[in-house]
Structures are given as structure tokens and as C-alpha cells.
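Positions are given from 1 along the sequence. Given the structure is predicted, the values throughout are model-derived calculations rather than measurements. Any value given below was found using the heavy atoms of this structure, including those in side chains, with hydrogens, waters and symmetry copies removed. Every number for a ligand or one of its atoms is a count from 1 in the order of the listing.
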Amino acid sequence: MSPLKTLILGGTAEASDLAERVAGDARFEATISLAGVTKTPKRQALPVRIGGFGGADGLAEYLRVNAIQALIDATHPFAATISANAFAAAAKLGVPHLVVHRPPWTKVAGDKWIAVPTMRAAADALGRTRRRVFLTVGRKDLAPFVSAPQHHYVIRSVDAPPPETLPPDVLVITARGPFNEADEFALLDAHRIDVLVTKNSGGSAASAKLTAARARQIPVVMIERPPPPSGQQLGTAAAAFDWLVDRHHKLVSARRGV
Ligand code: NAP
């Protein structure tokens, strides 16, 4: 059996799910790559490499040196730089490339969403009057909220942000999803939240806060996604696994000359 040498760009639930499907399957020899942004990354079912590649050229070099035959970009919809690099590197070497791109959340009856294009616009949308804000945008994107110090913020992130990056009136909760509805209701109520700020990440791991906000009639400042990445896209880890099986089948057929 010729295993398909596969690189999965991770950092998402879909990437971990795909890693579990591929692990132990003799058709694949796969590695998952993490950026190294969280202090204690989730355990993965595959061998892990950690850290940036050094741009598109660095990633292309990694693909070449490791003779990668399939590149799966299962990074987060807001991770636009690595996705652009993956497309460019795969195109440069002719390596088959697939994006796992989860669908965005869509508004349903009862939602009070304020759609904004950027983090700066999200901070502006909070207005001048003091509000109690549940801020779930990740610890790299706090600067615009430091410039809106009139609000009380409850910030939830996997790792605590450095203190110097925080707005003055803040409570930090460190937690990793998935989050359930009961906990999200409890959080909104306990902290008397009157507005939620989130990226439109999509997926089920972080969607319970939207259900809770809808039920409590709390407005949601929804940061829209960057433009979708280039290349072939599928929405789930299961579909990506089928794509890999097909790539493996093609590899075996080519080796047999059929
Ligand atoms: P980004 O802005 O697109 O990428 C910044 C740089 O980080 C890339 O140029 C690359 O460095 C490195 N990098 C990113 N993902 C990598 C990976 N899987 N393996 C190796 N290097 C990687 O990405 P980001 O928004 O900072 O996100 C970083 C990671 O966190 C991603 O893996 C993403 O899936 C995950 N994540 C992001 C968010 C979010 O809201 N942005 C949310 C949840 C999870 P080089 O150029 O040196 O290769």
C-alpha cells in the first residue's frame, strides 16, 4: 500500500476531526500543523508540527522537502494569511489542495445582529454609552476595544491575553469550547451582559452564545468574514476525508498504470 503523504493545516475542530479520521488508516501518512498560538494546544490524533513556515515560500519548501502529496487547509475562516499562503504554495508545486471552509452562521428570526466589516467597526458599534460587553473575538484583536474604555468587558479566550493589551474595565475568563447553551445563558445572566461581540466563525462549538443572546434579546455585533480563500472548498471534515480517499485511489491507480 502506498500511503498518501498529507499535510493538514489545523487549529480548528474540523482539522482535529479530520486528523482522527486519518489516524491509523494505512492509506495515509499525515501530519497536522499548528501555528503555536495557544499555550496548551488540544491533543491531536496525528503527529504535530508547530510554528509558522516562513510565508508561502517557506510552506512550499516544506511541501517539497517532505514530498507532500495532498495539502488540506482546515484553518479558521478568519485565518486569511495562512490560507492564501497554502493556495500559493500548492499552486507553485502542483500539490493537490483542498480548503475545509465551514459555512458562516446566518441570522434567524429573533436575532438582533449588527453586521460590521472590521474589529474597529465592531468597537465603534458599541457606541458612546457604557455597556456590558461579552467580547469573544480572541486575544489578538483587542486593540480597538482598548480605544473604547467606557465599556465593561467580559473577555473569553483560550489563553489569558497579556495585561497590557486589555481595556481598563475587564474580566477575563479563560475557556476552550465547545460551549453549551446552559453555560452561555448562565454567563450572560451572571455578568448582566447587554451586548455580545463575535466573529462570524460558523460551526457548532461556539454557536450556543447566539442562541442565548437571541433568547435574552441581546444584540450581537457580528464581524463579517474576510473574503473566502482560493481553491477547491468543502464544508466538513467528513467530505475532506472522502476527498483524501479519492486522492489515494488516484495515487494507487497511477502507480499501477491504470
Ligand atoms: P493567519 O493570520 O492566517 O496566519 C498568520 C501566520 O501564522 C501565518 O502566516 C503562518 O506563519 C502562521 N500559521 C497560521 N496557521 C498556521 C498553521 N496551521 N500551521 C503553521 N503556521 C500557521 O492565522 P491566525 O488568524 O493568526 O490563526 C492562527 C491559527 O489559529 C490558525 O491555525 C487558525 O486555524 C487558528 N485559529 C484562528 C482563529 C481566528 O479567529 N483567526 C480562531 C480559531 C483558531 P508563516 O507565514 O510563518 O507560515
Side-chain angles (χ1 to χ4, degrees), residues 6-19 30-42 44-66 68 70-90 92-93 95 97-102 104-105 116-119 122 135-145 155-159 161-162 165 174-179 197-207 209 221-231 233 235 237 240:
T6 303
L7 178 65
I8 302 169
L9 301 173
T12 59
E14 289 80 2
S16 300
D17 180 347
L18 182 58
T31 301
I32 187 162
S33 174
L34 305 177
V37 290
T38 53
K39 284 187 195 137
T40 48
K42 188 173 178 282
Q44 302 291 334
L46 287 173
V48 178
R49 67 157 301 284
I50 295 186
F53 297 93
D57 287 345
L59 177 53
E61 184 61 6
Y62 180 95
L63 299 178
R64 189 188 65 74
V65 167
N66 292 282
I68 299 296
L71 175 62
I72 307 278
D73 172 9
T75 59
H76 192 270
F78 280 76
T81 305
I82 187 70
S83 288
N85 291 350
F87 179 75
K92 184 174 174 183
L93 297 190
V95 172
H97 161 260
L98 177 74
V99 183
V100 184
H101 199 64
R102 67 170 85 127
W105 293 317
V116 294
T118 62
M119 213 54 74
L135 187 56
T136 64
V137 296
R139 68 197 155 101
K140 285 196 325 179
D141 290 307
L142 299 176
F145 303 96
I155 292 177
R156 182 168 68 195
S157 72
V158 175
D159 293 316
T165 66
T174 52
R176 190 196 298 273
F179 303 103
V197 182
T198 181
K199 295 173 177 171
N200 192 339
S201 298
S204 58
S207 64
K209 63 190 172 191
V221 177
M222 182 65 73
I223 299 140
E224 291 167 342
R225 291 182 170 194
S230 303
Q233 299 186 16

Closest to atom 11 (O) of ligand 1 among G55, A35, A13, G52 (heavy-atom distance)
G52
Under the 3.5 angstrom rule, does the side chain of W105 hit a backbone N or O of G203 as a donor-acceptor pair?
yes
Considering all heavy atoms of both residues, which atom of A70 and which atom of V95 are nearest to each other, and what is their separation?
N-CG1, 4.0 Å
Quick check on G51 - does any of its heavy atoms sit under 4.0 Å from an atom of ligand 1?
yes
Heavy atom to atom 8 (C) of ligand 1, shortest distance: which of I32, I223, I82, V48 holds it?
I82
Touching ligand 1 at all, G54? Heavy atoms, strictly under 4.0 Å?
yes
How far apart are the C-alpha atoms of Y62 and L7, what are their side-chain angles, what is the distance that settles it, and do they pass the side-chain contact (heavy atoms from CB on, under 4.5 Å) test?
CA-CA 10 Å; Y62 180 95; L7 178 65; 3.8 Å; yes
Check for a donor-acceptor pair, side chain of Q233 on one end and backbone N or O of P229 on the other, with a separation under 3.5 Å.
yes
Provide, to 0.1 Å, the distance between atom 36 (N) of ligand 1 and the closest protein heavy atom, together with that atom's residue and name.
H76 CB, 3.6 Å
Distance in Å, R64 CZ paired with L93 CG, rounded so as to fall on 0.5 Å steps
8.0 Å
Applying a heavy-atom cut-off of 4.0 Å, say which part of N85 lies close to ligand 1: side chain, backbone, both or neither.
side chain
Of all the non-hydrogen atoms in the protein, which one sits nearest to atom 48 (O) of ligand 1, and at what distance?
F53 N, 2.7 Å
With a 4.0 Å cut-off on heavy atoms, does L34 reach ligand 1?
yes
Could you tell me whether S33 and ligand 1 have an N or O pair separated by under 3.5 Å?
yes
Do D159 and T38 pass the side chain to side chain donor-acceptor pair (under 3.5 Å) test, and can you show the C-alpha distance, the side-chain angles, and the key distance before you say yes or no?
CA-CA 7 Å; D159 293 316; T38 53; 4.9 Å; no
Would you say A79 has any N or O atom under 3.5 Å from an N or O of ligand 1, going by distance alone?
yes
Measure the distance from atom 31 (C) of ligand 1 to every protein heavy atom, then report the residue, atom name and distance (to 0.1 Å) of the closest one.
G10 O, 3.9 Å
Number the atoms of ligand 1 from 1 as they appear, then name those within less than 4.0 Å of a heavy atom of K199, with their elements.
39 (C), 40 (O), 41 (N)
Would the distance check show the side chain of S157 and the main-chain N or O of R139 forming a donor-acceptor pair, the cut-off being under 3.5 Å?
no
Contact (N/O only, under 3.5 Å) between T12 and ligand 1:
no
Atoms in ligand 1 with a heavy atom of G11 nearer than 4.0 Å
34 (O), 35 (C), 36 (N), 44 (C)
Using distance alone, determine whether K140 and ligand 1 share an N or O pair under 3.5 Å.
yes
Check this for me - ligand 1, R49, N or O atoms closer than 3.5 angstrom, yes or no?
no
Nearest protein heavy-atom contact for atom 5 (C) of ligand 1: which residue, which atom, what distance?
T81 CB, 4.3 Å
Tell me whether N200 contacts the main-chain N or O of E224 through its side chain, where contact means a donor paired with an acceptor under 3.5 Å.
no
Tell me whether R49 forms a cation-pi arrangement with F53, defined as NZ or CZ under 6.0 Å from the six-membered ring centre and within 45 degrees of its axis.
yes
Distance check, rounded to the nearest 0.5 Å: T75 atom OG1 versus I8 atom CD1?
12.0 Å
So, do H101 and R225 sit near enough that their side-chain heavy atoms are less than 4.5 Å apart?
yes
How far is atom 30 (O) of ligand 1 from its nearest protein heavy atom, and which residue and atom is that?
V37 CG2, 3.9 Å
Which is it for A80 and ligand 1 at heavy atoms under 4.0 Å: side chain, backbone, both or neither?
backbone
Please walk me through it: do L142 and V137 pass side-chain contact (heavy atoms from CB on, under 4.5 Å)?
CA-CA 8 Å; L142 299 176; V137 296; 4.3 Å; yes
